[in-house]
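In what follows, a single structure is set out as structure tokens and then discussed.
All heavy atoms count here, side chains included; hydrogens, waters and symmetry mates do not. Throughout, protein chains are lettered first and strands after them, A, B, ... in sequence-line order, and every chain is numbered starting at 1.
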Protein chains: 2
Amino acid sequence: MATIKDVANHAGVSVATVSRVINDTGYVHENTRQKVDEAIRQLNYSPNEVARSLFKRKSKLIGLLLPDITNPYFPELARGVEDRMQESSYRLIFGNSDEDEHKERDYIQTFVQNNVVGVISSTNDPNADTYMKLKIPVVFLDRTSNDMPSVYADGREGGRIAAQQILARGSRNVTIQQGPKHVRPAQDRYQGALEILEQSGTPYQVVQTSSFSYEQAGVSAKELFQKYPDTDGVIASNDIAAVAVLHEALRLGRQVPDELQIIGFDDIPLSSLVYPTLSTIHQPAYEMGREAAGLLIEIMENGYALHNNIQMPVSFIQRDTTRKVD
Amino acid sequence: MATIKDVANHAGVSVATVSRVINDTGYVHENTRQKVDEAIRQLNYSPNEVARSLFKRKSKLIGLLLPDITNPYFPELARGVEDRMQESSYRLIFGNSDEDEHKERDYIQTFVQNNVVGVISSTNDPNADTYMKLKIPVVFLDRTSNDMPSVYADGREGGRIAAQQILARGSRNVTIQQGPKHVRPAQDRYQGALEILEQSGTPYQVVQTSSFSYEQAGVSAKELFQKYPDTDGVIASNDIAAVAVLHEALRLGRQVPDELQIIGFDDIPLSSLVYPTLSTIHQPAYEMGREAAGLLIEIMENGYALHNNIQMPVSFIQRDTTRKVD
DNA sequence: TTTTAATGAGTAACCGGTTACATATTTGAG
DNA sequence: CTCAAATATGTAACCGGTTACTCATTAAAA
């Protein structure tokens, strides 16, 4: 690869001048600029970001930490982040945390070692030392933190809506999946649903799910119907779990939505492709990713942001696993 | 952040000695080593990878380029790559190419600018200049290249298997989705299926799909049944498309698999969660990701690899959108 | 005991950029 | 025409590591 020195030699100027040309700083005579541009073109030169990063102590890299890209909700977030970052010519160092504190710390460390200028993280503990001590801006995505910048959907409200809708549509023996205990958004939804069911006075029951993996989803769905064969409404912990429940229900010959209603959470793309299509609580994942990226960029460039906590709206998407009302 | 100089001062030694300690090179007296280790601990020092990278002209970063992480097949690949890279403490700079040549070039350039030591790419044109001129090792993933390292599934064979199976199970008026023309693996499958159908002499028809997006999948499925309402077997271009077809078929009241069989491609996790579960051609995506990472590591560390072209087996997964035979 | 090899640690150049500073030339106001 | 300000460019220090080289000390071999 050609270096700035090669370009300088080729153009018969000093490296400082070349630097001025490529960064458009200081004074450069038009003729000189042209000579340099020509040399750059001929040598197909592009500056070494590592050298830049070393001197400036900042790169054009952003650290992105998500729980598990294999869960279809996260690619949407990631894509939103990427697209927005791309527009401002930032690149991503990406890692899966598996909701594991240790992996998280590990990644954050290498982010710092690589001079990233900002971090976007979906952590369950935004107040962990790892983040509090960070000297670069962090935005929490899909997670809430009062005192730190974050972009998230109103999970609790989502849970409430799910419960309200399933009751309004006639379920009288609802089962709520609690979702993994250590995953904050899962617990928020759960609490929201619980709240409504409590105050409605209708009978309900709770089942645990320990992870968001596909295998777990299948197992949990089977368990659910073994324990509560009479349930007539399921508020699933997310769409994967919901699809698994739907699948198991059909296998058992239950009529959906007439005997059994199901509401998911997330509104991943496949929700509208299964049959019957899945009613769910929509989270604007792609937009959330974009917002998080935008927020981070704002903070990186201005040192602060106008709105540090962006709560995105959730909404009920009526499809075919719930009965119609109007 | 503490620098190596801080550590050196704190320990009362030179930076060279600290460097020897952290890299475990050269001679260092045990007592000295302990002093340095203690200083590192106290200052919570970890070396700046950017400075290292600049001097060595190589980082611990790998460039990963995938078409679109939003397509559920790719997160599996990505995860496989990440997990393997993680084990050898490489990190990923990640980008979505959207199968777009320009975006690809852009990414490859910033990979180089950031001193990545290797690239894993799913490109449609492994012979493009962008790659031929690269001085760092590249492994093509989910794409074939004769002369360059690659890890891919036998798409053509997959297509053949799909056609054989759908015929063996009694479809007599098959529709093949061709998939996007510029996407190599899609065309391979298509060719494979075509081959078998041609030589079988049974009637068949071809429909185009222009992208792998969810919306497209829905539209294509509708079109398919409008054009060929009498088809009794669909070989879809991938699982997303297949699920869309399945969905549309059920909506139209077609009996699956009795009146209509459907075979997908990829075996994404959701294939076994839809109802009825989707018969499909399995690609070991996660393992392919791991293999690609392993291959790249081998090349990076030895300068060459024993097996440069790793073809992974595909297999027919019999589920419920095809009839049973035994 | 002498000689040589192994061990231990510091100095300084280097990686490829950026930028403060110095210097030279040009421009324009008075 | 003079002189300050604006323009143009080069020199060299710096970012935070790594490593070649030098020198001193210690251990081992002769």
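Every residue meeting the side chain to side chain contact (heavy atoms under 4.5 Å, CB included) condition with Pro47(A), not counting sequence neighbours, appears here in chain and number order: Ile22(A), Tyr45(A), Arg52(A), Gln113(B). Lys56(A) is linked by a side chain to side chain contact (heavy atoms under 4.5 Å, CB included) to Lys58(A), counting only residues two or more places apart in sequence or in another chain.
Looking only at atom types and distance, the side chain of Tyr73(B) has a donor-acceptor partner in the side chain of Gln283(B) under 3.5 Å away. Side-chain contact of Asn309(B) with Ser150(B): a donor-acceptor pair under 3.5 Å is present, judged by distance alone. Side chain to side chain, Tyr152(B) and Asp188(B) fail the donor-acceptor criterion of an N or O pair below 3.5 Å.
For the pair Arg79(B) and Tyr286(B), the cation-pi criterion (under 6.0 Å, within 45° of the ring axis) is not fulfilled.
Interface limits on DNA chain D: the 5'-most and 3'-most nucleotides within less than 4.0 Å of chain B heavy atoms are dG16(D) to dA20(D).
With hydrogens and angles ignored, the 3.5 Å screen pairs a side-chain donor or acceptor of Asp6(B) with a backbone N or O of Thr3(B). Formation of a donor-acceptor pair under 3.5 Å by the Glu76(A) side chain with backbone atoms of Thr70(B) is not found in this model. Under a 3.5 Å cut-off, the side chain of Asp100(B) and the backbone N or O of His102(B) do form a donor-acceptor pair. In this structure, Ser211(B) contributes its side chain and Ser213(B) its backbone to a donor-acceptor pair below 3.5 Å.
Between Ala292(B) and Leu141(B), the shortest heavy-atom contact is CB-CD1, 3.8 Å.
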Check: protein-nucleotides 23-26 of chain C nitrogen or oxygen pairs below 3.5 Å:
none

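Within residues 30-49 of chain A, the residues approached by DNA chain C to less than 4.0 Å at the level of any non-hydrogen atom are Tyr45(A), Pro47(A), Asn48(A), in residue-number order. Applying a 4.0 Å cut-off to non-hydrogen atoms, the residues of residues 4-29 of chain A that approach DNA chain C are Ile4(A), Ala16(A), Ser19(A), Arg20(A), Ile22(A), Asn23(A), listed by residue number.
Ring geometry for Tyr131(A) versus Phe140(A): interplanar angle over 60°, hence perpendicular rather than tilted (30 to 60°).
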